[in-house]
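For ligands, and for the atoms within them, numbers begin at 1 and follow the listed sequence.
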Amino acid sequence: MKVYKFGGASVKDAEAVKNVGKILKEFGTNPLVVVISAMGKTTNALEQVVNAWWKKENYTEKIEPVRAYHDSIMAGLFEDHNNAIWNEIANLFVALELYLARCTEFDYDLVYDEVVSFGELFSTKIVSAYLNTSGLTNTWVEVRNFVITDSLYREARVDWDTTTSFIAKVIPGIAARGPVITQGFIGSNKDNFTTTLGREGSDYTAAIFAYALDAKELVIWKDVPGIMNADPKKFPAAIKYNKLSYQEAVEMTYYGATVLHPKTIKPLQNKNIPLNVRSFINPSAEGTWIRADFPENKDVPIIIIKENQVLISLSTKDYSFIAEENIEKIFDEVVKFGIKVNVMHNSAISFQVCIDDRGERLADFIQSLESEFLINISKGLGLLTIKYFKENLLGDLLKEKKAILEMMSGDTVQYVLEPS
Ligand code: ASP
Ligand code: MG
């Protein structure tokens, strides 16, 4: 069994979808599970729909471009206007509109998950129908019957026992008859509400399937040649790895590399399943292989910049030390609000945490600590992480930026940078 994942860019127009078909034909489909994300920037567009609905603005106007986009892709794929797919997609749009028209929900995140999940449905329905018409008979599978999660909407946590047993029981039988086409990113809680696994979560879905099926390998098809040591848009000298260890890959995602969803590696590592990140534009190139037994790439610095950071400095009002008890208070709130701490530092009476700016959640987090601590907040910061640090790199990287916090541990340095 193999698992493939195709992201939004790989199905962003009719040509791209045809290319997916070509890749499947060339690389073989037996047995295979194919996880596909929403087309192009559909998830962003659907976020706009939810936001408009939430603010009681005209949301149908925001649905129209999403419909037009999918219609234009279908027009490039299905000459036959009687193909059932036209009707299926039209029905999905009706379902989306009805959902929002009737929705009286007060939980933004719940509505968000329901609405953005349509992107994955449009996409997988269209790709599956296209493959069927081009001789690749496949089965479309509703992933929400398999990926079962808790109810932490927009960042749901997978119920591994249920999910893996559902997948292992049913999917091999279906895959024996031809490729399985399914959605990434979305799941379902026990009450049958849609959940999502966090933006870019379809990598993670693919890893969940690979794990549950004891796959031989997972291939993530991307618009880049593989995994690079830095973002080539920011660092033109970035190089591609041929081989990477799970350890290095997991660290890269932890520090903010966006090439893979941060949760992707663990399930693969747990079952020793190789991961191949390769280009759908140039499919014959090997890309990057990620496995347990590859040595570290110590000669190549890993450089990662994470934007949209907030530095929160908390100090005690009564000059008590920041010791266990205060740290416990802070971390209780960190856990409660699902805050992701990227860097932390404590001194006698103050404690600093650098976290992702998550809008409302951040505001609630700060409010929960205001009665106990004096709080200072700086927003719009960057977090630069360099592993296998080389002194001579720094000048170029920092340029005129000022570091407001600097941490060094082992072979890794991190700088919280002021906005430039
Ligand atoms: N479509 C979702 C997103 O854009 C999930 C994914 O692409 O992995 O975040
Ligand atoms: Mg994507």
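When heavy-atom distances to ligand 1 are checked against a 4.0 Å cut-off, Ser37 comes that close only through its side chain, counted from C-beta outward.
For Tyr4 and Trp221, the distance between ring centers is under 6.0 angstrom.
Between Tyr204 and His261, the angle of the ring planes stays under 30°, which puts this pair in the parallel group of the 30/60° scheme.
Glu120 counts as a contact of ligand 1, since one of its heavy atoms falls under 4.0 Å from the ligand. Note on ligand 1: Gly7 sits outside its first shell, no heavy atom being nearer than 4.0 Å.
Each of the atoms 2 (C), 5 (C) of ligand 1 lies under 4.0 Å from some heavy atom of Phe185. Against a heavy-atom cut-off of under 4.0 Å, Arg199 is close to the following atoms of ligand 1: 3 (C), 4 (O), 9 (O).
You'll find the side chain of Thr139 stays beyond 4.5 Å of the side chain of Ile181, heavy atoms only. Thr385 is listed as a side-chain neighbour of Leu383, based on a closest heavy-atom distance under 4.5 Å. Two residues are said to be in side-chain contact when any heavy atoms from C-beta on lie closer than 4.5 Å; Trp140 and Lys125 meet this criterion.
Between Lys5 and ligand 1, no N or O atom pair is found at a separation short of 3.5 Å.
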